[in-house]
Amino acid sequence: MRRWSVSPAAWPRRSRRRWMSQSLSSFADLLRSARKSAVHLELRDIYAVDNEDKGFRAWKAGHRLDPADRASWWRPWLDLVQEVTASGVSVRRARVISEPVSEYIRYEHSFTFTNVAGGEEVRWLPRRAASDLLLPVNDFWLFDGRVVQFNIFDGDGRWVHTDQSDDPALARSCVSAFDAVWERAIPHETFSFAE
């Protein structure tokens, strides 16, 4: 069996990406720099990110967010999205998911109303409806169709690092991938899955 290991230094010049650490402040600056759009394509069925551990455990124990108790679930991310969308930027998130859905996707679906309340448009696409689409293997954010930020996760869903590129060909590929998913995906307000 042949194993491939290619460092970023060996990539062709036009496809090199800047390696960077993700922080909320640098991401917030990037999101605030958008003038027209910020889109997010999510492709995983589980995420093991530290800032969701407590909420995920509580959800598994039966706790559910109350849409009427906004103070209990509003968070800095929603302030940021609300600020950006109020300036006229469209923020859209598309999630490609396996069915039957994972426990994590059930959890994520249960609080997606918060993303919508913050100003995001969110859609869901069952993976079987995406089989004929050419999609990247990593989640990404795309800002104004120009700057792509890939979020790299390990096999257990833990965030590892972020790759960022302003390569026009790569950006166009990501625009096409996102648009293809968005066109087929079901708006959050009407999407449901069997319990």
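Count residues from 1 along the sequence. Nothing here was measured: the structure is a model prediction, and the numbers come from that model.
At a threshold of 4.0 Å, the pair R92-E120 does not count as salt-bridged, since none of the basic side-chain nitrogens sits closer than that to a carboxylate oxygen. A salt bridge is absent between D50 and R158: the closest approach of a Lys/Arg side-chain nitrogen to an acidic carboxylate oxygen does not fall below 4.0 angstrom. Between R172 and D167 no salt bridge is recorded (no basic side-chain N to carboxylate O distance below 4.0 Å). Using a 4.0 Å cut-off between charged side-chain N and carboxylate O, R93 and E121 make no salt bridge.
Panel note: side chain S98, backbone V101; no donor-acceptor pair is recorded below 3.5 Å. No donor-acceptor pair closer than 3.5 Å links the side chain of D144 to the backbone N or O of R146.
Between the NE2 atom of H63 and the NZ atom of K54 there is a distance of 9.5 Å, given to the nearest 0.5 Å. Between the CZ atom of R123 and the OG1 atom of T190 there is a distance of 8.5 Å, given to the nearest 0.5 Å. Expressed to the nearest 0.5 Å, how far CD of Q82 lies from CH2 of W77 amounts to 12.5 Å. Separation of atoms CZ (R44) and CG (D139) is listed at 7.5 Å; rounding is to 0.5 Å. In this structure, L43 CG and N151 CG are separated by 11.0 Å, a value rounded to the nearest 0.5 Å. To the nearest 0.5 Å, atom OG of residue S173 and atom CZ of residue F178 are 15.5 Å apart.
Checked against the 6.0 Å centroid threshold, W73 and F113 count as a close aromatic pair. In this structure, Y47 has its ring center no closer than 6.0 Å to that of W159.
Looking at W141 and V147, their side chains never come closer than 4.5 Å, going by heavy atoms from C-beta outward. Looking at V122 and F191, their side chains never come closer than 4.5 Å, going by heavy atoms from C-beta outward. With a 4.5 Å cut-off on side-chain heavy atoms, H188 and H109 count as touching. When side chains are defined from C-beta on, L41 does not count as touching W182, because their heavy atoms never get closer than 4.5 Å. Counting heavy atoms from C-beta outward, I152 and H161 have side chains that approach closer than 4.5 Å. You'll find the side chain of F56 stays beyond 4.5 Å of the side chain of E108, heavy atoms only. Proximity of N138 to F140: side-chain heavy atoms (C-beta onward) are nowhere separated by under 4.5 Å. Between D45 and I97, some side-chain heavy-atom pair lies under the 4.5 Å cut-off.
Heavy-atom contacts from other residues, nucleotides or ligands closer than 6.0 Å to NZ of K60 number more than 12. More than 12 non-hydrogen atoms from other residues, nucleotides or ligands lie less than 6.0 angstrom from CD of E99.
Minimum heavy-atom separation, A171 to G145: CB-O, 3.5 Å. The minimum heavy-atom distance between S131 and R128, with the atom names listed, is OG-O, 3.5 Å. Across all their heavy atoms, T85 and G119 have their closest contact at CG2-O, 3.6 Å. Scanning all heavy atoms of the two residues, the minimum distance from A130 to L135 falls at CB-CD1, 4.3 Å. V181 approaches A94 most closely through the heavy-atom pair CG1-CB, 3.7 Å. Nearest heavy-atom pair across V81 and G118 is CG1-O, 3.4 Å.
Between the side chains of R32 and S87, no donor N or O sits under 3.5 Å from an acceptor N or O. Between the side chains of E52 and Y107, not a single donor N or O lies within less than 3.5 Å of an accepting N or O.
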R184 and D179: CA distance, side-chain angles, deciding distance, salt bridge (charged side-chain N to carboxylate O under 4.0 Å, His left out) verdict: CA-CA 9 Å; R184 292 185 187 181; D179 287 349; over 6 Å; no
Step-by-step side chain to side chain contact (heavy atoms under 4.5 Å, CB included) determination, F150 to S165: CA-CA 8 Å; F150 290 99; S165 175; 5.6 Å; no
Derivation and outcome, side chain to side chain contact (heavy atoms under 4.5 Å, CB included), residues L31 and F143: CA-CA 7 Å; L31 185 57; F143 304 93; 3.9 Å; yes
Derivation of the side chain to side chain contact (heavy atoms under 4.5 Å, CB included) call for L65 and W59: CA-CA 9 Å; L65 298 179; W59 179 86; over 6 Å; no
L30 and Q149: CA distance, side-chain angles, deciding distance, side chain to side chain contact (heavy atoms under 4.5 Å, CB included) verdict: CA-CA 10 Å; L30 193 55; Q149 185 177 41; 3.8 Å; yes
